[in-house]
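Worksheet: the structure to be examined is printed underneath.
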Amino acid sequence: MPFSKLGLSTPITNALSELGYDAPTKIQQQAIPVVLTGKDLIAAAETGTGKTASFVLPMLQLFNKDRKLRGKRIRALILTPTRELAVQVQTSIEHYSKHLNLSSIALYGGVDSAPQVQKLIWGVDIVVATPGRLLDLAFQRALHFDELEMLVLDEADRMLDMGFIDDINKIIDRLPSQRQTLLFSATISNDVRHLAKTAIKSDAHQIAIKTNSQSKPKINQWLVTIDKTNKSALLSHLIKEHNWQQALIFIETKHGAAKLVSQLEKRGIAAESLHGGRTQANREQILADFKSGKIKFLVATGIAARGIDIGELNRVINYDLPDKVDDYIHRIGRTGRAGLTGEAVSFVSKDNFRNLCAIESRLGHIIERKDVPEFPVKKVVPISILNYVPKNKR
């Protein structure tokens, strides 16, 4: 099915063709017609399925008409959990709307707010924002919501995981009750359902895209059990032994990220870190260098997981196994995209055992364990509960 069959205008479909988009994904096929009708929508689809275009494209179609904006007014608000994702969504809007006369801006912290305030003075059609910066600007009366037509809660599960519920509710309280609201999420947890009840009409259309075996990312998952004190040495060994040329390495703290980069460099492996302590300009440059291949190994805190979108990422490494199963799913979802094969490697120490069991239970299978003889384990990680066989069946 071509995009033109979904009710999108020629300027939009031309922009898509120029970007090399031939046909809509499943979530786009189902979501775009619903959004064009003006109905509220709750949509669940995994990372990498094309959710951004699912709400941006029909938004552009609905807004592609003459309307003079008043100063400091906006027509659509897209809330995102991280500044990286805000920039990413804003970039997509610019690409999709290149043949349209619509304005957009990304609002996020970590940078001077003056240029953002200046652009808002004349009114902006579409605002992509992180909750904290948006509230700051609203309190400054730099923008008003009385003419808002559409609200999008993007990556809703991640925003809730990051503790934005109070900010989201404060924002929703400021918005007109007569609006179209769209909620997109990789997972629909109880917290997400509760948010949906608060923000969305009861008759909202619901879509859930399940990944089938043909479209499911091809990710080779395996793990190494290791004592915590040996993890950096193990990582260096694997990089050199397997001649890895690229990896996104997830770690829990920014202090740990800086330390690991230093440890790798002492072993002759150049790496860079990405975390909340970096300035926005630094973060954007580091991401650009990683995408271009200038940076081979990027050590990132988990908060950056949703903001990194690299089409041909070969490998993800869970240097620190995450506490939440959803975080594991989101992290490994950075690789194996667009039909390519990816690899997800996890370092698991004894105190990660419960997290490992939860992850394997969600996956429905045991993650392959590989031994590295050079790194014998003193604190043995038990066999997963999924491997447990009752005595009477042995």
### Message
For His194 and Leu160: C-alpha separation, side-chain torsions, deciding distance, then whether side chain to side chain contact (heavy atoms under 4.5 Å, CB included) applies.
### Response
CA-CA 11 Å; His194 181 74; Leu160 295 179; over 6 Å; no

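- Remark: side-chain polar atoms of Gln246 are paired, donor with acceptor, to backbone N or O of Asn314 under 3.5 angstrom.
- With a 4.5 Å cut-off between side-chain heavy atoms of Ile, Leu, Val, Met, Phe, Trp and Tyr, the cluster of Val299 takes in Trp222, Val224, Ile226, Leu234, Leu235, Leu238, Ile239, Trp244, Ile249, Ile251, Leu260, Val261, Leu264, Ile269, Phe297, Ile317, Tyr319, Val345, Phe347, Val372, Phe375.
- Residue His242 places its NE2 atom among more than 12 non-hydrogen atoms of other residues, nucleotides or ligands, all under 6.0 Å distant.
- Cation-pi geometry between Arg174 and Phe145 is not met: the NZ or CZ atom fails to fall both under 6.0 Å from the ring centre and inside 45° of the normal.
- Residues Phe139 and Ile172 are members of one and the same hydrophobic cluster, defined by side-chain heavy-atom contacts under 4.5 angstrom among Ile, Leu, Val, Met, Phe, Trp and Tyr.
- Few gaps surround CG on Asp173; more than 12 heavy atoms of other groups in view lie less than 6.0 Å from it.
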### Query
Between Ile171 and Leu77, does a side chain to side chain contact (heavy atoms under 4.5 Å, CB included) hold up when you go through it step by step?
CA-CA 10 Å; Ile171 292 166; Leu77 170 61; 3.9 Å; yes

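- Side chains of Lys5 and Pro2 form a contact here, defined as non-hydrogen atoms less than 4.5 Å apart.
- Open room surrounds NZ on Lys294; 12 or fewer heavy atoms of other groups in view lie less than 6.0 Å from it.
- Side chains of Leu313 and Phe290 form a contact here, defined as non-hydrogen atoms less than 4.5 Å apart.
- Using a 4.5 Å heavy-atom cutoff, the side chains of Val381 and Asn352 are not in contact.
- Side-chain N or O atoms of Arg133 include none that pairs as donor or acceptor with a backbone N or O of Thr130 at under 3.5 Å.
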### Task
Test salt bridge (Lys or Arg N to Asp or Glu O under 4.0 Å) on Asp327 and Arg158 and set out the steps.
CA-CA 9 Å; Asp327 286 345; Arg158 188 62 173 173; 2.7 Å; yes

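- Closest of all the heavy-atom pairs between Ala106 and Gln116 is O-NE2, 3.9 Å.
- Under a 3.5 Å cut-off, the side chain of Gln206 and the backbone N or O of Ala204 do not form any donor-acceptor pair.
- Panel note: side chain Glu272, backbone Ile286; no donor-acceptor pair is recorded below 3.5 Å.
- Using modelled atom types, one side-chain atom of Ser292 and one backbone atom of Asp289 make a donor-acceptor pair closer than 3.5 Å.
- With contacts defined as side-chain heavy-atom distances shorter than 4.5 Å, the pair Ile188/Arg193 qualifies.
- Tyr328 places a side-chain heavy atom less than 4.5 Å from the side chain of Ser346.
- Without hydrogens or angle criteria, Ser262 side chain to Ala258 main chain gives no donor-acceptor distance under 3.5 Å.
- The distance from the CD1 atom of Ile367 to the CG atom of Asn318 is 8.5 Å, given to the nearest 0.5 Å.
- No hydrogens or angles considered: a donor-acceptor pair under 3.5 Å links the side chains of Ser185 and Asp157.
- The shortest distance between side-chain heavy atoms of Leu36 and Leu6 does not fall below 4.5 Å.
- Ser104 and Gln90 share a side-chain donor-acceptor pair at under 3.5 Å.
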### Task
Would you check, one step at a time, whether the test side chain to side chain contact (heavy atoms under 4.5 Å, CB included) holds for Ile126 with Leu60?
CA-CA 9 Å; Ile126 303 169; Leu60 297 177; 3.8 Å; yes

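- Using modelled atom types, no side-chain atom of Asp125 and backbone atom of Leu102 make a donor-acceptor pair closer than 3.5 Å.
- Nearest approach of Pro24 to Gln29, heavy atoms of both residues: O-NE2, 3.2 Å.
- A donor-acceptor pair under 3.5 Å links the side-chain atoms of Lys51 to the main chain of Ala45, judged by distance alone.
- The environment of Lys240 atom NZ is dense: over 12 non-hydrogen atoms of other residues, nucleotides or ligands sit within 6.0 angstrom.
- For Asp167, there are no salt bridge (charged side-chain N to carboxylate O under 4.0 Å, His left out) partners, not counting sequence neighbours.
- Note on residues 171-191: pairs passing ring pair (Phe, Tyr, Trp, His ring centres under 6.0 Å), not counting sequence neighbours, are Phe55-Phe184.
- Taking both residues in full, the closest heavy atoms of Arg331 and Pro322 are given as NH1-CD, 3.6 Å, listed atom of the first, atom of the second, then distance.
- Note that CD1 of Ile42 is 9.0 Å distant from CG of Leu195, once rounded to the nearest 0.5 Å.
- Looking at Gln263, its side chain never comes within 3.5 Å of a backbone N or O of Ala233 through a donor-acceptor pair.
- In this structure, CG in Leu148 is found 7.5 Å from CZ in Arg179, a value given to the nearest 0.5 Å.
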Run the side-chain donor-acceptor check on residues 11-21: report pairs under 3.5 Å with partners two or more places apart or on a different chain.
residue	atom	partner	partner atom	Å
Thr13	OG1	Ser9	O	3.3
Thr13	OG1	Thr10	O	3.0
Asn14	ND2	Thr10	O	3.4
Ser17	OG	Thr13	O	3.0
Glu18	OE1	Lys98	NZ	3.0
Glu18	OE1	His99	NE2	3.3
Glu18	OE2	His99	NE2	3.1

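- For Asp203, the CG atom is densely surrounded, since the number of other residues' heavy atoms within 6.0 Å is greater than 12.
- As a member of the Ile/Leu/Val/Met/Phe/Trp/Tyr network built from side-chain separations under 4.5 Å, Tyr108 groups with Val87, Val111.
- Here the straight-line distance linking atom CZ of Arg73 with atom CG of Asp146 works out to 4.0 Å at 0.5 Å rounding.
- Residue pairs that meet the side chain to side chain donor-acceptor pair (under 3.5 Å) test with at least one member in residues 134-144, sequence neighbours left out, do not exist here.
- By the 4.0 Å N-to-carboxylate-O rule, Asp227 lies too far from Lys379 to be salt-bridged with it.
- For Glu374, the CD atom sits in a packed shell: over 12 heavy atoms of surrounding residues, nucleotides or ligands are nearer than 6.0 Å.
- With Val128 as reference, Thr80 is the one residue of Val56, Thr80, Leu85 to meet the side-chain contact (heavy atoms from CB on, under 4.5 Å) rule.
- Within the 3.5 Å criterion, the main-chain N or O of Val35 finds a donor-acceptor partner in the side chain of Gln180.
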### Task
Check step by step if side chain to side chain contact (heavy atoms under 4.5 Å, CB included) holds for Leu134 and Leu143.
CA-CA 9 Å; Leu134 183 73; Leu143 77 166; 3.9 Å; yes

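- Ion pairing of Lys259 with Glu252 is absent here, as no side-chain N (NZ or NE/NH1/NH2) approaches a carboxylate O to less than 4.0 Å.
- Taken from OG1 in Thr301 to CG in Leu274, the straight-line distance is 6.5 Å, to the nearest 0.5 Å.
- The environment of NZ in Lys39 is crowded: more than 12 heavy-atom neighbours from other residues, nucleotides or ligands sit within 6.0 Å.
- Counting heavy atoms from C-beta outward, His205 and Thr37 have side chains that stay 4.5 Å or more apart.
- Put simply, the side chain of Ile329 reaches to within 4.5 Å of the side chain of Leu363, judged on heavy atoms.
- One finds the OG atom of Ser361 at 8.0 Å from the CD1 atom of Ile366 (value rounded to the nearest 0.5 Å).
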